[in-house]
Number of protein chains: 2
Amino acid sequence: MNYELLLRECNMKVTPQRLGILAMMCENGHISIEDLYVKIKKQFSSISLATLYKNVNAMIDVSLLKEVKLPHMKSKYELAKTPHAHLLCESCGVLEDLEMDMNEVSHLLASKSDFKVNETNLIFSGTCHNCQ
Amino acid sequence: MNYELLLRECNMKVTPQRLGILAMMCENGHISIEDLYVKIKKQFSSISLATLYKNVNAMIDVSLLKEVKLPHMKSKYELAKTPHAHLLCESCGVLEDLEMDMNEVSHLLASKSDFKVNETNLIFSGTCHNCQ
DNA sequence: GTATTTGCAAATGATTTGCAGTGCT
DNA sequence: AGCACTGCAAATCATTTGCAAATAC
């Protein structure tokens, strides 16, 4: 993935720290601020938490990243992708993406209420395949 | 609703503050900690934020309350009810409950992944009936 | 060269903890 | 009576802000 281009398209200057953050997000799928900080410090030992927060927030503002708010735990962050649901395993803690046809879901909803859906935040907690 | 009984069933002592919190939750549907604090102070002018946090957390632990984590805003809290989805209007900010057959939803999911769903956190953001 | 970004330190905001006094059962 | 709860103050944790130096373009 071309992170430089991605940043430029969002009118953000390309800095090594930003490239590092994006690479790390891509590699890890879902990651908390703390974990991101620990991992990225291995590459940029002098990076500050303030820089991390500023960049993550800026990237959320331009929709490069998305915050995933999880029950009973800290938020994680992911690269913005096509809409999908999240499966959170209560046993091993793993968080997986689930591609769903959001039209189908919105349809289920439309039959009950006349609400125009713009964005979804769907988290299913339970037991994953391996833990069953 | 009999709040005393509810508390007793959860092995929590019945205090005026707790009864006040539960009554307020029931009256307001969904409420943030700050709003709850402001409102409950009218009844218990000396109640402290610490007490509020302790009680809300304790009630979440025994499943009397549920935290609703919302995108781009602070969490709200609600009385635990039968599972339902949430509709958040991006225009007027209103948060409504939507009764959904979770079996239907879980079915949609089961066809894609073998994940055993235990709990759902479903938030649909968009435009409500009035704002359309 | 100019504007933005970085990293530090300090400020702010949110939540939790410890403890003495009070209240519930 | 005994244990749990309350309210206060202090401690902790998370996030944001201001600013001087460094960097991107």
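From a predicted model like this one, the values you see are computed outputs, not experimental measurements. Here is how names work: the chains are called A, B, and so on, in the same order as the sequence lines, proteins then strands, and each is numbered from 1.
Taking atom OH on B:Y77 and atom C1' on C:dA14, their separation rounds to 10 Å, with Å as the unit. Across the protein-nucleic acid pair, A:I40 atom CD1 and C:dT6 atom P stand 10 Å apart, rounded to whole Å. If you take CG of A:N11 and C1' of C:dT5, they are 15 Å apart, rounded to a whole angstrom. The distance from atom CD1 of B:I47 to atom P of D:dC8 is 10 Å, rounded to the nearest whole Å. The distance between atom CE of B:M73 and atom C1' of D:dT15, rounded to the nearest whole Å, is 19 Å. Computed from coordinates, the B:R18 CZ to D:dT6 P distance equals 5 Å when rounded to whole Å. The separation between B:L49 atom CG and C:dA14 atom P is 10 Å, rounded to whole Å. Taking atom CG on B:L52 and atom P on D:dC8, their separation rounds to 13 Å, with Å as the unit.
A:I33 comes within contact range of no nucleotide atom at all, as no heavy-atom separation falls under 4.0 Å.
Within 6.0 Å of atom NZ in A:K116, 12 or fewer heavy atoms from other residues, nucleotides or ligands are found, so the atom counts as exposed in its surroundings. Around the NZ atom of A:K39, the shell of radius 6.0 Å holds no more than 12 heavy atoms that belong to other residues, nucleotides or ligands.
For D:dT6, one of the phosphate oxygens OP1 or OP2 lies less than 4.0 angstrom from a side-chain nitrogen or oxygen of B:N55. Put simply, B:Q17 has a side-chain N or O that comes within less than 4.0 Å of OP1 or OP2 on D:dG7. Of the side-chain N and O atoms in B:S48, none sit less than 4.0 angstrom from OP1 or OP2 of D:dT6. Phosphate contact (OP1/OP2 of D:dC13, side-chain N/O of A:K74, threshold under 4.0 Å): absent.
Classification of A:K69 and B:E67 as a salt-bridged pair fails, no side-chain N sitting under 4.0 Å from a carboxylate O. Note on A:D35 versus A:K76: no salt bridge recorded, every NZ/NE/NH1/NH2 to OD/OE distance being 4.0 Å or above. A salt bridge does not link B:E99 with A:K112: every distance from a Lys NZ or Arg NE/NH1/NH2 to an Asp or Glu carboxylate oxygen is 4.0 Å or more.
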| message | One character per nucleotide, please: for nucleotides 18-25 of chain D, 5' to 3', B when the base has a protein heavy atom closer than 4.0 Å, S when only the sugar-phosphate does, - otherwise. | response | B-----BS
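Counted by atom type alone, A:H72 and A:E90 present zero donor-acceptor pairs between their side chains at under 3.5 Å.
For the segment residues 56-68 of chain B, no residue has any heavy atom less than 4.0 angstrom from an atom of DNA chain D.
Under a hydrophobic clustering in which Ile, Leu, Val, Met, Phe, Trp and Tyr are joined whenever their side-chain heavy atoms come within less than 4.5 Å, directly or via other members, B:M102 and A:L88 fall into different clusters.
No side-chain donor-acceptor contact under 3.5 Å links A:H86 to the backbone of A:H84. Under the 3.5 Å distance criterion, the side-chain polar atoms of A:N2 are matched with a main-chain donor or acceptor of A:E4.
Of the listed nucleotides (D:dT6, D:dT15, C:dT6), C:dT6 has the atom at the smallest distance from the side chain of A:T51.
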